[in-house]
Every structure is written in structure tokens, then in C-alpha cells.
Amino acid sequence: MNTVLYQFLIEVPTAAAIWSALLVLALTVLTVLVARPERDRPAEEAPGEPTPAEAAVEVADLRRYAEEVAVAASGAAQNARRRREVWLAAQEEVDQAWSAYDEAESAARRFVGAAALPTPRTPRTPAEYAARERWLHQAAVAAHWRGELPVERLRDVFAHRDGWDPRRHPVEQEALLARAVRDSRRDAYRRAAAREQSAWRDAELAADAARALALEAYAAAQRARPGRTPAVSRAADTAPRAASAARWRPARVG
């Protein structure tokens, strides 16, 4: 019994010391592993230098892209020229519409003073009223064929709507017709001005698109020059960045 107790008292501290030493050793190894600097693997740092075949494929892609962008830039330039021509034509229409309106305004202004004069007296007979109506219709149709009176106003004349009374004296009818022509030409000028503004915006957008594509086409042509090796140069450029990115960091455990 004493021998067993003696062995127990001797072996247990020895085993505890051994296990303590192993535990300290394990903790030391674990600490070294965690704190050990590890650099990125070469595959993670940067891709290897491209082969000549890969560089040739990339150069061909760059050249194809440069050709496509050049075609797009040429089409955009043609579209910008067409838009500018449309805008210039719209400007001419605005000038013509303004001139027509100014002329109609001057003609209508001449009747302002005439309105203060008394209307000539004529016999009010059915024949006189028929003559007045005939004159009004003929004058309205003539103004319509000259492009001075739209078809909507012409319909009002024949329907005797919107103040068109065939029983009025031709002097009054002429003044009313002049004001109608003036109003129609003013509306035509406003529509022409709106079209000119829209054409100008379209021309500006087309010009901006053409400039952007021209710059992109120039940059693509520079990248696709025969003397450049984009893949190799890009790999050389990225190598320093990959090397600088490989910093000391804790190792992955497990």
C-alpha cells in the first residue's frame, strides 16, 4: 500500500509537469504561427506575365474596339451635321414666319384708324347682303390659298361663326379678315419658334455625343497602336501595386 501511494505521489507530479510543458510548448507554437508573417502567394499577388499569344489576342481586341468606336464616332458626326442642318432650316423658317407676322401686323394696324370713320351707307337689300357674303367668301378663300388663313378659320367664315357676319359692310369684313390673318401668322411664328428651339436642343445633344465619341475613338486608337503591348505593359504596371499590396499579415490557422 505504501509502495502504490509512493508511486502515485511521484508519477502524478511528473505527468502534470509533462502535460504543463506540452501545453506551454503548444501555446508557444500557436503564438508563433499566429504572429508569423506570411506573404501572399505568387498566384494571389499578380498574374504572371502574359504570353505572346495572349498579348496578340488583347491587341486584336483593342484594334477591333478602336475600329468600332471610330465607326460610331463617324456616324455620330454625320448625325450632328444633319441635326445642325435641320436647326439652320428651322432658323430660316422662324425668320420667314416673323417677317410674315410683321407684315400682317402692319396691315392690321392700318385698319385701326379706319375703324373710327363711319361705315359707308349702302342700301340694305337682299342683293346687297348676297354681294357682301360673296365678297367675304371670296376674300377668305383667297387668303387661305395665299397661306394666310388656316382651314379652321376658313370653316368659321363659311359657317358664320366667331364673329364672321356676312351682313357686315366689306370694309368691316376686310378689317376683321386682316386681324384674322395677323393672328394666324402670329400662331405660325410661335410654332416655328418652338420647332427651332427643339431642333437646337437636338443639335446640341448630337454635337455633345459626337465630341464624346471622337475623344473615345482617339483614346482607343492610341491604345491600339502597333508599338504598344497593352497586356505586357499593364502587367508591368500592376506588378509594383501587387508587390506593395503584399503586406505582413497574420497567417491563416487551420
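Count residues from 1 along the sequence.
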Got a salt bridge between Arg109 and Glu103, using NZ or NE/NH1/NH2 to carboxylate O under 4.0 Å?
no
Donor-acceptor pair, distance only, cut-off 3.5 Å: does the side chain of Arg185 make one with the backbone of Ala100?
yes
Please determine whether a side-chain nitrogen of the Lys or Arg among Arg153 and Asp156 lies less than 4.0 Å from a carboxylate oxygen of the Asp or Glu.
no
Would you give the length of the straight line joining atom CZ of Arg195 to atom CG of Asp202, rounded to the nearest 0.5 angstrom?
13.5 Å
So Glu93 and Glu196, side-chain contact (heavy atoms from CB on, under 4.5 Å) or not? Walk me through it.
CA-CA 8 Å; Glu93 291 180 1; Glu196 188 269 339; over 6 Å; no
Applying the 4.5 Å side-chain criterion to the ILVMFWY set and letting contacts propagate, would Val69 and Leu62 be lumped into a single cluster?
no
For the atom pair CG (Asp208) and CG (Leu213), what is the distance rounded to the nearest 0.5 Å?
11.0 Å
Can you tell me how far apart CG (Leu136) and CG (Leu177) are? Round to the nearest 0.5 Å.
7.5 Å
Does a donor on one side chain and an acceptor on the other come within less than 3.5 Å for Gln173 and Trp135?
no
Nearest heavy-atom pair of Ala66 and Ala221: which atoms, and what distance?
CB-N, 4.1 Å
Would you say that Gln91 contacts Trp87 through its side chain, given a criterion of any heavy-atom pair below 4.5 Å between the two side chains?
yes
In this structure, are over 12 heavy atoms from other groups packed under 6.0 Å from Trp200 atom CH2?
no
Are Tyr65 and Glu216 close enough that some pair of their side-chain heavy atoms sits under 4.5 Å apart?
yes
Those residues at least two apart in sequence (or on a different chain) that pass ring pair (Phe, Tyr, Trp, His ring centres under 6.0 Å) with His137 are Phe158, His160
Indicate yes or no for a side-chain donor-acceptor contact from Ser74 to the backbone of Ala70 under 3.5 Å, with no hydrogens or angles considered.
no
Exercise answer: donor-acceptor pairs, residues 138-147 side-chain atoms, under 3.5 Å, sequence neighbours excluded:
{"residue": "His144", "atom": "ND1", "partner": "Leu149", "partner atom": "O", "Å": "2.9"}
{"residue": "Arg146", "atom": "NE", "partner": "Glu148", "partner atom": "OE1", "Å": "3.3"}
{"residue": "Arg146", "atom": "NE", "partner": "Glu148", "partner atom": "OE2", "Å": "3.2"}
{"residue": "Arg146", "atom": "NH2", "partner": "Glu148", "partner atom": "OE1", "Å": "3.0"}

Tell me the closest heavy-atom pair linking Ala97 and Ala192, and the distance in Å.
CB-CB, 4.1 Å
Looking at Arg186, I'd like to know if its CZ atom is crowded, meaning that more than 12 non-hydrogen atoms belonging to other residues, nucleotides or ligands lie closer than 6.0 Å.
yes
Residues in side-chain contact (heavy atoms from CB on, under 4.5 Å) with Ala175, at least two apart?
Phe111, Arg179
How long is the span from the OH atom in Tyr101 to the OG atom in Ser106, to the nearest 0.5 Å?
9.5 Å
In Å, rounded to the nearest 0.5 Å, how long is the span from CD of Glu204 to CZ of Arg83?
13.0 Å
